[in-house]
Amino acid sequence: MTRTQRIKTSLFLAAASFLAIWLIVLLTSPIKNIAFAVPFFAALFVFLVSVAHLFLYLRWGEVSPRARSRILIISIFIVLLTMFKSAQSLNWIDALILLLVLGGLLFYSSSRA
């Protein structure tokens, strides 16, 4: 894939996932049906990954394998943090554990790459 095709693909995925998030938020109610939470968090994950890829393609012209793994780790962390926060089950101990897991994953990915 050329650089232009990668930018267009990332931009399309970011726009499509943002539209999906927007539609889910406007047209559904998690109080009535919790099943809409799964597509919401999946679309949020796709949005975060595609926006990060788009930013790196525009900034440096490529995404290294190390950056790819960090994008995935940070995106998963943000989605998990949002899940816990939306369930109102995130206290300071859980947040500390999530931060320790994030630090460990980032350290592992940097030592592997």
To the nearest 0.5 Å, tell me how far Ser10 OG sits from Lys8 NZ.
12.5 Å
Could you give the side-chain donor-acceptor pairs of residues 39-51 under 3.5 Å, partners two or more places apart or in another chain?
residue: Ser50; atom: OG; partner: Ala14; partner atom: N; Å: 3.3
residue: Ser50; atom: OG; partner: Val46; partner atom: O; Å: 2.9
residue: Ser50; atom: OG; partner: Phe47; partner atom: O; Å: 3.1

Could you state whether Val38 and Val25 fall into the same hydrophobic cluster, counting links through intermediate Ile, Leu, Val, Met, Phe, Trp or Tyr residues with side-chain heavy atoms under 4.5 angstrom apart?
no
Any heavy-atom pair between the side chains of Ile71 and His53 that's under 4.5 Å?
yes
Please report the C-alpha distance between Leu106 and Arg70 in whole Å, then the side-chain angles of each, then the deciding distance to 0.1 Å, and finally whether the side-chain contact (heavy atoms from CB on, under 4.5 Å) criterion is met.
CA-CA 7 Å; Leu106 287 174; Arg70 286 188 177 181; 4.0 Å; yes
Following the transitive rule for hydrophobic clusters with a side-chain heavy-atom cut-off under 4.5 Å over Ile, Leu, Val, Met, Phe, Trp and Tyr, establish whether Leu26 and Ile24 coincide in one cluster.
no
Tell me whether Phe77 at atom CZ has more than 12 heavy atoms from other residues, nucleotides or ligands lying less than 6.0 Å away.
yes
Same hydrophobic cluster for Leu56 and Leu13, using side-chain heavy-atom links shorter than 4.5 Å among ILVMFWY?
no
Of Ile76, Ile74, Leu81, which meets side-chain contact (heavy atoms from CB on, under 4.5 Å) against Ile78?
Ile74
Under the side-chain contact (heavy atoms from CB on, under 4.5 Å) rule, what do Thr9 and Arg6 come out as? Steps first, then yes or no, please.
CA-CA 5 Å; Thr9 303; Arg6 290 180 184 187; 5.7 Å; no
Taking only distance into account, with no hydrogens and no angle test, what donor-acceptor pairs under 3.5 Å do side-chain atoms of residues 94-103 form with protein atoms, sequence neighbours excluded?
none

Assess whether side-chain contact (heavy atoms from CB on, under 4.5 Å) is satisfied between Trp22 and Leu19, documenting all intermediate values.
CA-CA 5 Å; Trp22 188 68; Leu19 180 65; 4.0 Å; yes
Taking CD in Gln5 as the centre, count heavy atoms belonging to other residues, nucleotides or ligands within less than 6.0 Å. Is the count above 12?
yes
Separation between CG (Asn91) and CZ (Phe84), nearest 0.5 Å, reads 9.5 Å
